[in-house]
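What follows is a set of notes on a single structure, which appears directly below.
Start at 1 with the first residue, then count along the sequence.
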Amino acid sequence: MDRRKFLKMSAAMGAGAAFGAWGLNEVSPAIFPEHPVFDTNQSLWMRSQPPHNSPLASDLDVDVAVIGGGFTGLSSAYHMALAAPGKSIAVLEAKGVGNGASGRNGGMLLPNTANEYMQLASAPEVHKEVYQATLESMHELIALAGSSVVEGAIEPIGALETFETESDAEEGRAYAEKAHGLGIPAEFWDAKKTAAAIGTAVYAGALFDPNGGHVHPMKLVHVLKLAAENAGARIYEDSPVDSIDEGAVHRIHMTGGQTVKAKSLVLATNAYTSKLGYFRNAIVPVYNYVAATPPLSGEQLAQTGWQSRMPFNDSRTLVYYLGMTRDNRIHIGGGTAAYSFNDGTGERPDPAAWKNLEEQFVRLFPALRGVEFETRWSGVVDMTLDWVPLAGVTGKNHNIYYGLGYCGHGVNLTFLFGRIIADLEANRAQKWSHLPFVNRKPYYLPNEPFRWLGVQLEMAYDRLRDR
């Protein structure tokens, strides 16, 4: 999925709204109520999911309730418990930790936010501040993973953004020059150097960031789960939330009939957030598709020429991204994105999407023609209209905290946002107030049916651009 251009659909949303009335947009949530659907993670990474903790079995009274056991929720619980050992913190996960986007992603660890990645989307000084904040967080995450008993969660080997066209490459070269002036270590590589690193010769060049890397998403989930529990947080799995009665003390109603009372609430629910009645007009869930090969033989590996093993994503509008695991599997994702009416989050298999990945795989590595994918999976990620994420505090009593809208760039951001959430909850907001994504007002996304129409128009336009 394109970390720069996808969902830049203000015009498309306006076109959709022109076919309807303001009144329909206002009553749409009542006409089309949302219902949570939690499909089961079928990814390659799922094989490393840690054993489930027991579900919540009785009512609970805590200082902080964290809804969602992915990267954001586990990071928030870890940072809160670490900063305040006496604080009671409960993580409520609907299925198993990492079942959502955290355990299904494309395995790239990257600095910066999606809108700022390998481009100056804001003033240079802001771009540098965001890069530095995400880089510091990445170093902390790598150190945490390195000290864990869980092995192989992160490989900090750098990452590439590859360029499909000469014009894209020239833009990349210009960015590298500006980045160097800001102290950001982005390097422009020509086509020859790019091909030597990743084997395929289809690209016109690339931007290299030495601070990127490859992750095993579910092993990283395991790292964070252990860290949060060791710091004192309690994690309840197979414990879905039904509804929330917001207040000075929140009453969280579980589908099993239990009630959790909490002075503070953390929404770490990614693309499922609107199902709880929050951020319906700020984020939209979009499906990504990923597939992985069996372990390649030594001969097959040599045929790829992918000597660096470095992950990379390309410069298309609907981006492709690839990585290589420690046991020599190649995984590839992107190229297709989909949206289900009314923020659907259930299973959405798409044979055409995986066929598209097969064709791209052979285009990049023709010597591997005939190698079939062993695993295929899909799932939703949370997108904002302008690709800028959201972190902050909301609610009538200013005691609901959130980290959302990662736009496919969340492996590193989630760890940073967990720390930000912990500081906001402890009234240390001034430390982060200079960052553009903290407590910002998101762009408005209309309700159905205008949302569906706008997304479909934008996706059709993006497909045309990539031909």
Just by modelled atom types, is the K95 backbone N or O under 3.5 Å from a matching donor or acceptor in the N99 side chain?
no
Rounded to the nearest 0.5 Å, what's the gap from CD on E229 to OH on Y78? Could you check?
14.0 Å
Sub-6.0 Å ring centroid separation between H216 and H222:
no
Determine yes or no for a side-chain-to-main-chain donor-acceptor pair under 3.5 angstrom, with D209 supplying the side chain and P185 the backbone.
no
Assess the side chains of E116 and S122: does a donor N or O sit below 3.5 Å from an acceptor N or O?
yes
T304 vs R309, side chain to side chain donor-acceptor pair (under 3.5 Å): CA-CA, chis, key distance, verdict:
CA-CA 10 Å; T304 69; R309 307 178 68 90; over 6 Å; no
Does a donor on one side chain sit under 3.5 Å from an acceptor on the other, for R376 and S43?
no
Ring centres under 6.0 Å, that's the criterion: do H331 and Y321 meet it?
no
Say whether, by atom type as modelled, one donor and one acceptor occur between the side chain of E237 and the main chain of N53 under 3.5 angstrom.
yes
Is any side-chain heavy atom of P442 less than 4.5 Å from a side-chain heavy atom of T384?
no
Donor-acceptor pair, distance only, cut-off 3.5 Å: does the side chain of N281 make one with the backbone of L445?
yes
Check the side chains of D382 and N270 for a donor-acceptor pair under 3.5 angstrom, ignoring hydrogens and angles.
yes
Using only atom types and a distance under 3.5 Å, with no angle test, would you say the side chain of E155 pairs donor to acceptor with the backbone of V215?
no
Verdict with supporting geometry, S239 and M254, side-chain contact (heavy atoms from CB on, under 4.5 Å):
CA-CA 7 Å; S239 301; M254 311 299 292; 3.9 Å; yes
Does the distance from a Lys or Arg side-chain N to an Asp or Glu carboxylate O, for E140 and R419, drop under 4.0 Å?
yes
Residues R280, E34; criterion salt bridge (Lys or Arg N to Asp or Glu O under 4.0 Å); working and verdict:
CA-CA 10 Å; R280 180 181 177 116; E34 295 190 28; 3.0 Å; yes
Just one of Y320, W189, F163, W306 clears the ring pair (Phe, Tyr, Trp, His ring centres under 6.0 Å) bar with F312, so which one?
W306
T273 OG1 to I67 CD1 distance, which is reported to the nearest 0.5 Å
9.5 Å
Do I244 and Y278 come close enough that some side-chain heavy atom pair is under 4.5 Å?
yes
Judged by modelled atom types alone, do D423 and W432 share a side-chain donor-acceptor pair under 3.5 Å?
yes
Side-chain donor-acceptor pair present, T293, R329, cut-off under 3.5 Å:
no
Check: S297 side chain, Q300 main-chain N or O, donor-acceptor pair, under 3.5 Å:
yes
Within the 4.5 Å heavy-atom criterion, are F279 and L404 side-chain neighbours or not?
yes
Looking at every heavy atom in both R104 and G100, which two are closest together, and how far apart are they?
CG-O, 3.1 Å
Check L424 against A429 and note the closest heavy-atom contact, atom names and distance.
CD2-CB, 3.4 Å
Roughly how far, to the nearest 0.5 Å, is CG of L141 from CG of L109?
6.5 Å
Can you see which heavy atom on L364 is nearest to which on V202, and at what distance?
CD2-CG2, 3.4 Å
For Y131 and E136, does a side-chain donor sit closer than 3.5 Å to a side-chain acceptor?
no
For the side chain of S102 and the backbone of G70, is there at least one donor-acceptor N/O pair under 3.5 Å apart?
no
What are the two closest heavy atoms between K225 and L74, and how far apart are they?
N-CD1, 3.9 Å
Let me see the working for I330 and L296 under side-chain contact (heavy atoms from CB on, under 4.5 Å), right down to the final yes or no.
CA-CA 8 Å; I330 292 178; L296 300 179; 3.8 Å; yes
Ignoring hydrogens and angles, state whether a donor on the side chain of N399 or H250 is under 3.5 Å from an acceptor on the partner side chain.
yes
Does the side chain of M46 reach to within under 4.5 Å of the side chain of M218, using non-hydrogen atoms?
yes
If you take the centroid of each ring, where Trp contributes its six-membered ring, are F417 and Y402 closer together than 6.0 Å?
no
Worked check of side-chain contact (heavy atoms from CB on, under 4.5 Å) between F437 and L390
CA-CA 5 Å; F437 43 74; L390 308 168; over 6 Å; no
Polar side-chain atom of N412 near backbone of T113 as donor-acceptor pair, under 3.5 Å
no
Answer yes if the ring centres of Y272 and F38 are under 6.0 angstrom apart, and no otherwise.
yes
Residues D61 and K263 bridged, charged N to O under 4.0 Å
no
Determine whether more than 12 heavy atoms belonging to other residues, nucleotides or ligands lie under 6.0 Å from atom CD of E374.
yes
Value for OG1 (T414) from CG (L224), rounded to nearest 0.5 Å, stands at 7.5 Å
So does E372 have more than 12 non-hydrogen atoms from other groups sitting under 6.0 Å from CD?
no
Can you tell whether the side chains of K87 and E425 come within less than 4.0 Å, N to carboxylate O?
yes
Judged by modelled atom types alone, do T255 and D242 share a side-chain donor-acceptor pair under 3.5 Å?
no
Check step by step if side chain to side chain donor-acceptor pair (under 3.5 Å) holds for N112 and T134.
CA-CA 6 Å; N112 243 324; T134 57; 4.8 Å; no
Donor-acceptor side-chain pairing of T394 and H398 below 3.5 angstrom
no
For N115 and P389, work out which heavy atoms get closest and say how close.
OD1-CD, 4.4 Å
Side-chain contact, heavy-atom cut-off 4.5 Å: V371 with P294?
yes
Are Y287 and D350 close enough, and set up right, to give a side-chain contact (heavy atoms from CB on, under 4.5 Å), and what steps lead you there?
CA-CA 10 Å; Y287 287 82; D350 187 348; over 6 Å; no
Rounded to the nearest 0.5 Å, how far does CD1 of I89 lie from CZ of R234?
9.5 Å
How about P311 and L160: do any of their side-chain heavy atoms sit closer than 4.5 Å?
no
Quick one: are I421 and H79 in side-chain contact, heavy atoms under 4.5 Å?
no
Would you call F188 and L207 a side-chain contact if the rule is heavy atoms closer than 4.5 Å?
yes
Treating R251 as the side-chain partner and V260 as the backbone partner, does any N or O pair qualify as donor plus acceptor under 3.5 Å?
no
Between atom CD1 of I184 and atom CG of L135, what is the distance when rounded to the nearest 0.5 Å?
9.5 Å
Atom of M383, atom of V286 and distance for their closest heavy-atom approach
CG-CG2, 3.6 Å
Does N41 reach the main-chain N or O of G103 with its side chain, forming a donor-acceptor pair under 3.5 Å?
yes
So, do W354 and Y289 have ring centers that fall under 6.0 Å from each other?
yes
